[in-house]
**Q** 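Just dropping this structure here.
Numbers restart at 1 for each chain; the letters A, B, ... are given by sequence-line order, proteins then strands. On a predicted model such as this, the values are computed, not experimentally measured, just so you know.
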Protein chains: 2
Amino acid sequence: MTRQVSGAAATRESLVSAALELFGDYGYDAVSTRQIADHAAANIGSIAYHFGGKPGLRIACIEYVISVVREMLGASVSEPLPETLSPDEALDMLDSMFSILLLLGSTRPDADRISNFMTRELVVPATVDALLYEKLTEPLHERFSQLFAIAVGGAVQGSELALTVFSLFGQMVFFRQCKPVIVKHMGWPGFGLTQAQAAGAIVSQNLKAIVAYHRSRDGFVAGEARPGA
Amino acid sequence: MTRQVSGAAATRESLVSAALELFGDYGYDAVSTRQIADHAAANIGSIAYHFGGKPGLRIACIEYVISVVREMLGASVSEPLPETLSPDEALDMLDSMFSILLLLGSTRPDADRISNFMTRELVVPATVDALLYEKLTEPLHERFSQLFAIAVGGAVQGSELALTVFSLFGQMVFFRQCKPVIVKHMGWPGFGLTQAQAAGAIVSQNLKAIVAYHRSRDGFVAGEARPGA
DNA sequence: GTCTATAAACAGATAGAC
DNA sequence: GTCTATCTGTTTATAGAC
């Protein structure tokens, strides 16, 4: 019983891992298939064999990233919300989801490259961008919107709600996306767990500030049922 | 008197304009010098002649973007702050600077490509990124930090201040950066003046919410002098 | 399934005619 | 200053040996 049969899967994984890292660091177009093959200790031909070509490898990376993030968020995004959810509970759920996403780059060994790749793919999407959008961005936005609406007692709705949630996304994405700039400015040694937590604390604080603002603006009373329910 | 002498400047402008648009839309690495030359109705050789090569053209684009943004922000970033600045005045200045930056893509004809290029360059910086960072990001961040500190009466300082300002940057950058995603989700026909204003309203609201949060947290009293002055 | 050699297209840079 | 033809290296994709 040799490892010959499982060699294929190992090569696939190795290629996706290498591609994820290089695409994330330098961008899809800046990286050649040779670099990827070298980095994965595989040969160039294997990319065509396993993925059909460079675009196929990109899609495989996107699918991998989607599966990892969905797994990390787990029930918070896949299961329906409990019907009886107080505004403060909704706020806590929002907060913890942000925390998970922001710390994603620090809690598992390969997650930094996942995070790099994902944020880059969000900004510089391929023609296949629909994949990441439909499977990740859209469901996440939907869930965040539900939670935010409950957290502010229904005071924010429609396009204002959608844009506010995007603005919260923006804060989170920015910290990971412009990591080099932030690390340089802050004089940090890198962007590890400590730094991710520092960024997370700010995002959390801002979330609470924005929620508090909308609550007070519309005469929110703690524990009161939201209108329209 | 022919236009031959001014032809050089026209070619330069044309090449920068074309490069700005293509780099902004597809990224530096994905665009070939041939595409740029075609788009600018110039020949390939002119890129080497005027800019020394593709990297030189990129630097020319960065310099152009820096000059435009600094011009638009004008006195708000280049001149020293007035010594007597009330928290509310500081907040207003912050607000209007955000507004200028966000509407940048809608107030001048070539500004959409400027905005695209800039946000992309921020995320996928060249080895020459120091240019954009030193001349634009850093001074902007410095000014925003000063204003924010005054706006909250000195309640936020040090790394918390720096990160909070970055988080505000993030909101703004995200709206321009993930334009395709947002436009798609909102069902907008595009990202024109109306849409930029809608996004700007949210950013402005969030800014006020965050400032209000820090003011109330530290017992801020309107009109009170900030500590340490 | 793995690896190598090769093909066809493309990149950026350049020399020289005009 | 402009433009074209060409050079050199590199890209992805592929055919075929093992």
Side-chain angles (χ1 to χ4, degrees), chain A residues 1-62 117 120-121 124 126-128, chain B residues 1-62 64 117 120-121 124-128:
Chain A
M1 212 203 286
T2 68
R3 252 194 267 163
Q4 208 169 342
V5 271
S6 65
T11 303
R12 278 186 65 99
E13 275 179 40
S14 188
L15 283 170
V16 168
S17 175
L20 209 58
E21 182 169 354
L22 293 171
F23 287 162
D25 281 349
Y26 307 107
Y28 176 80
D29 294 297
V31 175
S32 72
T33 51
R34 275 162 225 272
Q35 285 176 272
I36 298 168
D38 286 354
H39 205 267
N43 57 72
I44 316 122
S46 60
I47 292 176
Y49 179 79
H50 287 290
F51 306 99
K54 198 184 178 187
L57 181 52
R58 181 184 202 164
I59 293 174
C61 288
I62 295 174
F117 176 86
R120 197 177 278 262
E121 198 67 31
V124 190
T127 30
V128 290
Chain B
M1 211 200 290
T2 69
R3 251 194 269 161
Q4 208 170 342
V5 270
S6 67
T11 302
R12 278 186 66 99
E13 276 179 39
S14 188
L15 283 170
V16 168
S17 175
L20 208 59
E21 183 170 353
L22 293 171
F23 288 161
D25 281 349
Y26 306 106
Y28 177 79
D29 294 297
V31 175
S32 71
T33 52
R34 278 164 224 271
Q35 284 176 272
I36 298 168
D38 286 353
H39 205 266
N43 56 72
I44 315 125
S46 59
I47 292 175
Y49 179 79
H50 287 290
F51 306 99
K54 198 185 180 187
L57 181 52
R58 181 183 203 166
I59 293 174
C61 288
I62 295 175
Y64 176 71
F117 176 85
R120 197 178 277 262
E121 197 68 30
V124 190
T127 31
V128 290

**Q** Just how far, in rounded Å, is C1' of dT2(C) from CD of E13(A)?
**A**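 Going from CD in E13(A) over to C1' in dT2(C) covers 17 Å.
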**Q** Measure CD1/I44(A) against C1'/dA8(C) and give the value in whole Å, please.
**A**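 I44(A) atom CD1 is separated from dA8(C) atom C1' by 16 Å.
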**Q** Atom OH of Y49(A) to atom P of dG16(D): distance rounded to whole Å?
**A**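 In whole Å, dG16(D) P lies 17 Å from Y49(A) OH.
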**Q** For K54(B) and dA13(C), give me the distance from atom NZ to atom P, rounded to whole Å.
**A**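 K54(B) atom NZ is separated from dA13(C) atom P by 9 Å.
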**Q** Under 4.0 Å, counting only non-hydrogen atoms across every strand here, what does S32(B) touch: a base, just sugar-phosphate, or nothing?
**A**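 Touches sugar-phosphate only.
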**Q** Between Y28(A) and K54(A), which heavy-atom pair has the shortest distance, and what is it?
**A**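 Minimum heavy-atom separation between Y28(A) and K54(A): O-NZ, 3.1 Å.
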**Q** Nearest-Å distance, CG (L57(B)) to P (dA13(C))?
**A**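 The distance from CG of L57(B) to P of dA13(C) comes to 10 Å, rounded to the nearest Å.
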**Q** Short question: side chain of R34(A), backbone of I44(A) - any donor-acceptor pair under 3.5 Å?
**A**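 No, because the side chain of R34(A) does not come within donor-acceptor range (under 3.5 Å) of the backbone of I44(A).
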**Q** Given dG12(C), is OP1 or OP2 found less than 4.0 Å from the side-chain N or O atoms of T33(B)?
**A**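 Answer yes for this pair, as a side-chain N or O of T33(B) is under 4.0 Å from OP1 or OP2.
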**Q** Whole-Å distance between dT4(D) C1' and I47(B) CD1?
**A**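 Computing the I47(B):CD1 to dT4(D):C1' distance gives 15 Å.
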**Q** Measure across A30(A) and D29(B) and return the closest heavy-atom pair with its distance rounded to 0.1 Å.
**A**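 For A30(A) versus D29(B), the nearest heavy atoms are CB-OD2, 3.2 Å.
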**Q** Between R120(A) and Y26(A), which heavy-atom pair has the shortest distance, and what is it?
**A**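 Smallest interatomic distance, heavy atoms only, reads NH1-C, 3.8 Å.
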**Q** So, the side chain of S14(B) versus the backbone of A40(B): is there a donor-acceptor pair under 3.5 Å, distance only?
**A**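 Pair found, side chain donor or acceptor close to backbone of A40(B).
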**Q** Starting from P on dT12(D), measure out to CZ on F51(A) and report it in whole angstrom.
**A**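 Between P of dT12(D) and CZ of F51(A): 15 Å.
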**Q** Could you check which of dC3(C), dA13(D), dT4(D) has an atom nearest any side-chain atom of N43(A)?
**A**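 In terms of side-chain proximity for N43(A), the closest of dC3(C), dA13(D), dT4(D) is dC3(C).
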**Q** To the nearest Å, how far apart are I36(A) CD1 and dT11(D) C1'?
**A**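 From I36(A) CD1 to dT11(D) C1': 12 Å.
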**Q** Between G45(A) and R34(B), which is nearer to the 5' end of DNA chain C once each is assigned its nearest nucleotide?
**A**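 The residue closer to the strand's 5' end, by nearest nucleotide, is G45(A).
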**Q** Which nucleotide, dG1(C), dT12(D), dA13(C), lies nearest any side-chain atom of P55(B)?
**A**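 Nearest listed nucleotide: dA13(C).
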**Q** With a cut-off of less than 4.0 Å, is there a side-chain N or O of T11(A) near OP1 or OP2 of dT2(C)?
**A**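 Yes, T11(A) has a side-chain N/O under 4.0 Å of OP1/OP2 on dT2(C).
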